[in-house]
Amino acid sequence: MPKRDNTVSPAKGLFVTFEGGEGAGKSTQLRLLAESLRARGFTVLTTREPGGSAGAEAVRHVLLSGAAEAFGVRMEAILFAAARSDHVEEVIRPALESGTVVLCDRFMDSSRVYQGITGNLEPSFVESLERVAINGVVPDRTVIFDLPASIGLERAQRRAGDDNPDRFEKERLETHEKRREAFLDIARNDPARCRVVDATQSVDAIAAEVLAHVEALLPQRDSPGIPVEEASS
Ligand code: TYD
């Protein structure tokens, strides 16, 4: 007779995205979270957008160099979506299916904000691209790093060196403030998925908060075979 009790389907991974404006410290925090989760025994994949797969990395350069800018924001939005589709199908979905925790620096919310809100693209166009690009792979948790635009821009410029802002860092402070508000709107409209973190805090304080927001989703995925009554007694 087949064994039925305690049989669990393979653990599904967890998909966490990090979002926010420039210079909010996302990359550092992503690295720290990956270290914490690995120390707890999870298999973790860190990745980023635009990029993260061979096809998407090829498109990344076209986007960030500004080579696509002259062709308009619709063209840029489609390129971001093309890169995202490749990244999802080649890297993210297979990793999740094998039970990996995937931490991604920027994902669909960046397109909603940068191309949709500050690029002034019509919502139905942005939504259609998103649907095709993510193809059902929605983040389980999105951590939004919130920071006044002036501080973020100053940090990003310091990091890049003043001569070298990328295509999106060059834009005006006002645009960056608009993006900050747009990320906060996303969080307000999707409270089950999103958590906002005050990115003006110390690195350690932010890391602890981020870990708490993600940890809340891990136990039931990590030990699906333990019945709730047993686990809590
Ligand atoms: P990157 O150098 O990875 O910067 P950051 O540290 O700010 O994440 O550059 C990514 C840039 O691309 C960033 O300015 C935001 C922009 N972007 C979009 O406009 N749309 C998108 O969908 C994504 C993923 C990024």
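Counting convention: from 1, in listed order, for ligands and their atoms alike.
Put simply, the residue from R179, H176, E177, E174 that forms a side-chain hydrogen bond (donor to acceptor under 3.5 Å, both in side chains) with T118 is R179.
Nearest-heavy-atom check against atom 25 (C) of ligand 1 across F80, F107, F18 picks out F80. Considering R106, H176, R179 only, the shortest heavy-atom separation from atom 13 (C) of ligand 1 involves R106.
Transitive grouping of hydrophobic side chains (ILVMFWY, heavy atoms separated by less than 4.5 Å) keeps I186 and I117 in distinct clusters. In this structure, F183 is not a member of the same hydrophobic cluster as L147, with clusters built from ILVMFWY side-chain heavy atoms closer than 4.5 Å.
Counting non-hydrogen atoms of neighbouring residues, nucleotides and ligands closer than 6.0 angstrom, the CD atom of E122 exceeds 12 such neighbours.
The part of R84 lying near ligand 1 is the side chain, judged by heavy-atom distances below 4.0 Å. Contact annotation: for M108 versus ligand 1, there are no heavy atoms closer than 4.0 Å. Residue K26 touches ligand 1 through its side chain alone, judged by heavy-atom distances below 4.0 Å. If you look at L64 next to ligand 1, the close heavy atoms, those under 4.0 Å, all belong to the side chain.
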side-chain hydrogen bond (donor to acceptor under 3.5 Å, both in side chains) between D198 and T200: does it pass, once the steps are laid out?
-> CA-CA 6 Å; D198 173 359; T200 61; 2.6 Å; yes
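Atoms of ligand 1 lying under 4.0 Å from any heavy atom of R60, numbered from 1 in the order shown and given with element: 1 (P), 2 (O), 3 (O). Close approach of ligand 1 to S111 is summarised as follows: ligand atoms under 4.0 Å from at least one heavy atom of the residue are 21 (C), 22 (O). In summary, the atoms of ligand 1 found under 4.0 Å from a heavy atom of E22, numbered by their order in the structure, are 7 (O), 13 (C), 14 (O). For ligand 1, the atoms lying closer than 4.0 Å to a non-hydrogen atom of E49 are 24 (C).
Under the 4.0 angstrom criterion for non-hydrogen atoms, Q115 is in contact with ligand 1.
A heavy-atom distance below 4.5 Å is found between the side chains of C104 and E49.
Taking the six-membered ring for Trp, F18 and F107 have ring centres at least 6.0 Å apart.
Within the structure, salt bridge (charged side-chain N to carboxylate O under 4.0 Å, His left out) contacts touching residues 109-119 (residues at least two apart or in different chains) are D109-R112, D109-R193, R112-E130.
For ligand 1, the polar-atom distance check finds no N/O of S27 at less than 3.5 Å from any of the ligand's N/O atoms.
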